[in-house]
Protein chains: 2
Amino acid sequence: MAKHPPRTGTPDGTTAERVWAVSAQLFREKGYHGTTTRELAERLEMTRASLYYYVSKKEDLLYGICTEALHHVMDAVRTATDAESDPRERLRALIRAQLISSLTEIDLHATMLLNLHQLTGDQLKEVIALRDEYEALVGGVVRDAQAAGVLRDDLALRNLILVLLNMVNWTLTWYRPGGPLQPEEFARVIGEVYLEGATAR
Amino acid sequence: MAKHPPRTGTPDGTTAERVWAVSAQLFREKGYHGTTTRELAERLEMTRASLYYYVSKKEDLLYGICTEALHHVMDAVRTATDAESDPRERLRALIRAQLISSLTEIDLHATMLLNLHQLTGDQLKEVIALRDEYEALVGGVVRDAQAAGVLRDDLALRNLILVLLNMVNWTLTWYRPGGPLQPEEFARVIGEVYLEGATAR
DNA sequence: GTCTATAGTGGGATAGAC
DNA sequence: GTCTATCCCACTATAGAC
């Protein structure tokens with residue numbers, strides 16, 4: 001376990017928080033196994049030994065990043081969908097919340113989604129369970145919409161869920177903060193294509 | 001460079017081909033940096049030294065897998081889209097060809113898409129260039145459809161392309177051959193949602 | 001909380017016999 | 001084409017002083 005697991009909402013700027021932020025940044029750039037504790041320490045401007053004051057092993061960094069990312073996105077999505085009652089609007093709110101929350105903390109979220117399977121043992125199990133919980137949350141919103149007659153019933157519920165997750169998740173592999181694409185705009189695009197399709201009327 | 005770069009269409013069963021196939025399999029399971037030459041040799045039932053008869057360095061395996069995957073999918077997509085003239089049908093053919101070609105050789109394609117950035121130097125540049133070429137091919141089909149008035153013009157071309165790639169690419173992260181989901185069926189689902197949307201009529 | 005120094009392991013890759 | 005043996009380096013992690 002981490003000596004100092006990341007705490008969401010802690011006032012920023014502490015060294016402990018820099019350790020987590022820089023780890024996520026590096027893990028996203030080079031992958032978990034592609035990142036060495038040497039590079040990490042270098043970018044933090046400390047020695048490797050100092051790094052181990054904050055964390056007891058490298059894998060704890062990945063574990064902490066994954067759990068924080070998942071709690072973060074679940075909170076955002078729950079808050080957003082709870083605020084809407086119309087099934088269509090709940091879907092749009094879901095897309096918007098997931099996309100914006102994951103793109104504004106992209107190091108965390110991209111690291112989680114793309115490196116989760118490098119965890120081992122109980123940490124792997126726990127994170128998989130959290131991710132399943134998140135997907136169940138998404139699945140519930142889609143299921144309700146289909147049950148309300150808002151979504152097509154000639155497509156299987158499972159497929160409707162998978163397509164939606166595809167549309168949102170792959171964005172994390174290519175999005176670059178500060179680039180031309182605005183998360184708000186792209187969330188609208190995904191919502192439009194998912195609900196209305198790309199065909200001209 | 002690889003001593004024996006993979007040749008598509010070669011009669012199977014040679015040891016050289018097993019080396020490429022098993023590498024792709026392992027890289028998909030554990031990631032490029034997460035896979036050791038020891039594991040690779042073990043699964044091939046040979047020694048590490050023997051492995052180096054087929055390849056001069058580990059990175060050449062990744063490079064060969066990436067280029068083969070990209071050539072493979074480009075061939076499939078070009079053939080499929082050249083056979084159609086209607087812009088809508090070309091889009092459906094594109095989705096079907098990309099999805100089926102990448103899911104039937106998923107070890108190759110998932111390794112390529114998810115580990116491409118672990119390459120370095122010229123090999124990285126070459127593979128990025130190939131991938132850009134592939135995306136330009138996809139982009140052309142979408143552009144033609146929008147120009148023909150088939151796709152909405154209230155959504156930017158760039159966004160229409162990105163959403164489509166999202167829908168197809170993320171599938172490689174979760175698809176398991178032999179599972180309940182049929183590639184043919186899921187290609188139809190993506191085509192339907194992309195063109196018509198998920199809303200009930 | 002940060003350091004120097006180092007332990008101890010496992011990594012990619014090579015030499016050279018058969 | 002496959003092997004045994006080995007090199008050498010980079011890796012994660014720890015001990016213990018300040």
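Numbers restart at 1 for each chain; the letters A, B, ... are given by sequence-line order, proteins then strands. Computation of the quantities below employed the complete heavy-atom set of this structure, encompassing side-chain atoms and omitting hydrogens, waters and symmetry-equivalent molecules.
For Ala49(B), whose side chain is taken as the heavy atoms from C-beta onward, the closest listed nucleotide among dT2(D), dA5(D), dT12(D) is dA5(D). Residue Tyr53(A) places its side chain closer to dG1(C) than to any other of dT14(C), dG1(C), dT2(D). Each of dA10(D), dG10(C), dC3(D) was ranked by its minimum atom distance to the side chain of Arg38(B); first place goes to dG10(C). Taking the side chain of Ser50(B) as heavy atoms from C-beta on, and the options dT2(C), dG11(C), dT2(D), the nearest nucleotide is dT2(D). Closest contact between the side chain of Arg48(A) and the listed nucleotides dA5(D), dC3(C), dT12(D) involves dT12(D). The Tyr54(B) side chain lies nearest to dT2(D) when the options are dT2(C), dT14(D), dT2(D).
Side-chain nitrogen and oxygen atoms of Lys57(A) include none within less than 4.0 Å of the OP1 or OP2 phosphate oxygen of dA13(D). Side-chain nitrogen and oxygen atoms of Thr37(A) include at least one within less than 4.0 Å of the OP1 or OP2 phosphate oxygen of dT12(D).
Dense packing is recorded around CD of Glu135(A), with more than 12 heavy atoms of other residues, nucleotides or ligands lying under 6.0 Å away.
Using a 4.5 Å heavy-atom threshold, the side chains of Leu195(B) and Leu91(B) count as touching.
Between Tyr134(A) and Val77(A), the closest heavy-atom pair is OH-CG2, 3.8 Å.
At a threshold of 4.0 Å, the pair Arg43(A)-Glu29(A) counts as salt-bridged, since one of the basic side-chain nitrogens sits closer than that to a carboxylate oxygen.
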